[in-house]
Amino acid sequence: MTNASNARAASLAHLRSARLSVGDPIPLPLTMAAIFHAPGDATGFNQYGRFSNPNWQAVEEMLGHLEDAPCVAFPSGMGAISAVFFALLKSGDRILLPSDGYHTTRILADRFLGAFGVTCDVRPTSSFLDGGFDGYRLVFVESPSNPTLDICDIAAVAGGVHKSGGILVVDNTTMTPFGQRPLDLGADIVVAADTKAPNGHSDVLFGHVASRNAEVITAVADWRQTAGGIPGPFEAWLVHRGLETLELRFDRMCSSAEIIAPRLKAHPAIHSIRFPGLEGDPSHNLARAQMERFGFLISFVVASEDKAEDFINGCELMHAATSFGGVHTVAERRTRRGDAVPPGFVRLSVGCEPVEELWQSIKASLDRIIA
Ligand SMILES: *Cc1c(COP(=O)(O)O)cnc(C)c1O
């Protein structure tokens with residue numbers, strides 16, 4: 001990580017210090033309230049739970065510190081993505097999405113935006129610059145894409161989109177602000193599922209929108225307050241707590257992935273592998289240039305669907321589960337989610353277990369599927 005990221009990580013747990021009075025709790029109190037004491041002219045303080053809550057404000061302050069940009073919190077990653085679409089788009093707009101990104105974003109555009117007169121095109125992440133961006137009001141990028149881990153040049157895409165008069169949204173879920181900084185690379189908006197590594201304990205769904213454009217922040221905050229897709233105070237409190245250890249967990253997970261990926265590549269049960277940190281991976285050179293870490297996701301292909309299931313279920317230190325970024329190592333055979341990948345395709349999310357123990361358990365399960 002860069003010095004700037006280390007400085008952000010160091011001050012993260014001390015953001016509230018300046019406002020503490022003698023005797024106040026150091027950890028963030030949980031404020032479960034739908035209504036607040038609000039006499040007289042009702043401005044400038046908490047009034048009603050759909051408008052504001054101290055736990056949202058605290059988690060947004062933390063996320064804003066990490067993103068170096070104002071943030072608006074949402075009850076899920078899709079809640080954040082929906083807010084960007086519904087607050088910023090209008091009938092007649094065209095948008096461009098990755099064909100290989102998180103599939104629910106495409107479903108949202110196809111099923112719901114289409115009905116409001118917004119048309120949507122898709123394009124593979126690995127050749128995202130091809131064809132240019134003329135005519136697109138909003139361009140949406142996911143890099144590395146989930147689950148194939150292709151990447152695109154975010155700064156070059158931002159340049160092209162801005163030249164064509166559009167706005168660039170980057171889904172930074174797979175990297176977090178410690179792994180990649182799309183706003184610094186020229187993106188207008190970051191969206192992310194804090195359900196994944198930022199919360200990190202797989203017990204909450206959460207999301208946020210970050211932008212240095214005040215109009216964008218006002219629009220998505222107004223959308224949240226009006227449409228009512230608001231985070232719960234307890235969920236915000238849990239994510240606030242999770243964020244306090246994000247740097248520690250993310251560092252462990254990325255470091256472990258860098259150790260495990262080359263060993264997987266060398267294992268005879270693995271037919272092909274994708275990890276941006278592997279020399280020779282199609283994403284590697286660009287990843288070195290635009291990412292601060294290579295992430296904790298590894299995708300690989302074994303001989304068949306059955307072998308993939310046997311590997312996942314036979315590994316003692318691995319849960320068979322969707323999602324990623326939690327303290328537990330999890331893996332999923334992705335054809336069961338309908339991704340356009342080979343039958344034996346596995347997405348592995350490296351967790352926080354000590355790396356040698358984790359590798360021994362992965363290796364033992366791989367050895368068994370070729371025995
Ligand atoms: C999980 C995920 C989302 C959606 O987040 P939810 O919290 O499940 O709504 C969006 N984008 C990416 C890349 C994701 O992995």
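Just so it is clear, the values below take in all heavy atoms, side chains as well, and ignore hydrogens, waters and symmetry mates. Atoms within each ligand, like the ligands themselves, are counted from 1 in listed order.
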TODO: Decide whether E353 and T329 meet the rule of one side-chain donor and one side-chain acceptor closer than 3.5 Å.
DONE: yes

- [ ] Mind checking side-chain contact (heavy atoms from CB on, under 4.5 Å) for S52 and listing every partner two or more places apart, or none if nothing turns up?
- [x] N46, Q57

What pairs of donor and acceptor atoms, side-chain ones from residues 19-38 against any protein atom, are under 3.5 angstrom apart with sequence neighbours left out?
residue : atom : partner : partner atom : Å
R19     : NH1  : E61     : OE2          : 3.3
R19     : NH2  : E61     : OE1          : 2.8
D24     : OD2  : S21     : N            : 2.8

Pairs under 3.5 angstrom, nitrogen or oxygen on both sides, ligand 1 versus protein: list them out, please.
residue  : atom   : partner : partner atom : Å
ligand 1 : 7 (O)  : G77     : N            : 2.8
ligand 1 : 7 (O)  : T195    : OG1          : 2.6
ligand 1 : 9 (O)  : G77     : N            : 3.2
ligand 1 : 9 (O)  : M78     : N            : 2.8
ligand 1 : 11 (N) : D171    : OD2          : 2.7
ligand 1 : 15 (O) : N146    : ND2          : 3.4
ligand 1 : 15 (O) : K196    : NZ           : 2.6

Open item on the list: Quick one about N213 and S211 (side-chain donor to acceptor, distance below 3.5 Å, no hydrogens or angles considered), yes or no?
Closed with: no

Task: Under 3.5 Å side-chain donor-acceptor pair for R274 and T148 - done: no

Taking distance alone, no hydrogens or angles, what donor-acceptor pairs closer than 3.5 Å link side-chain atoms of residues 293-300 to residues at least two apart or in another chain?
residue : atom : partner : partner atom : Å
R293    : NH1  : D251    : OD1          : 2.6
R293    : NH2  : S255    : OG           : 3.0
S299    : OG   : P147    : O            : 2.5

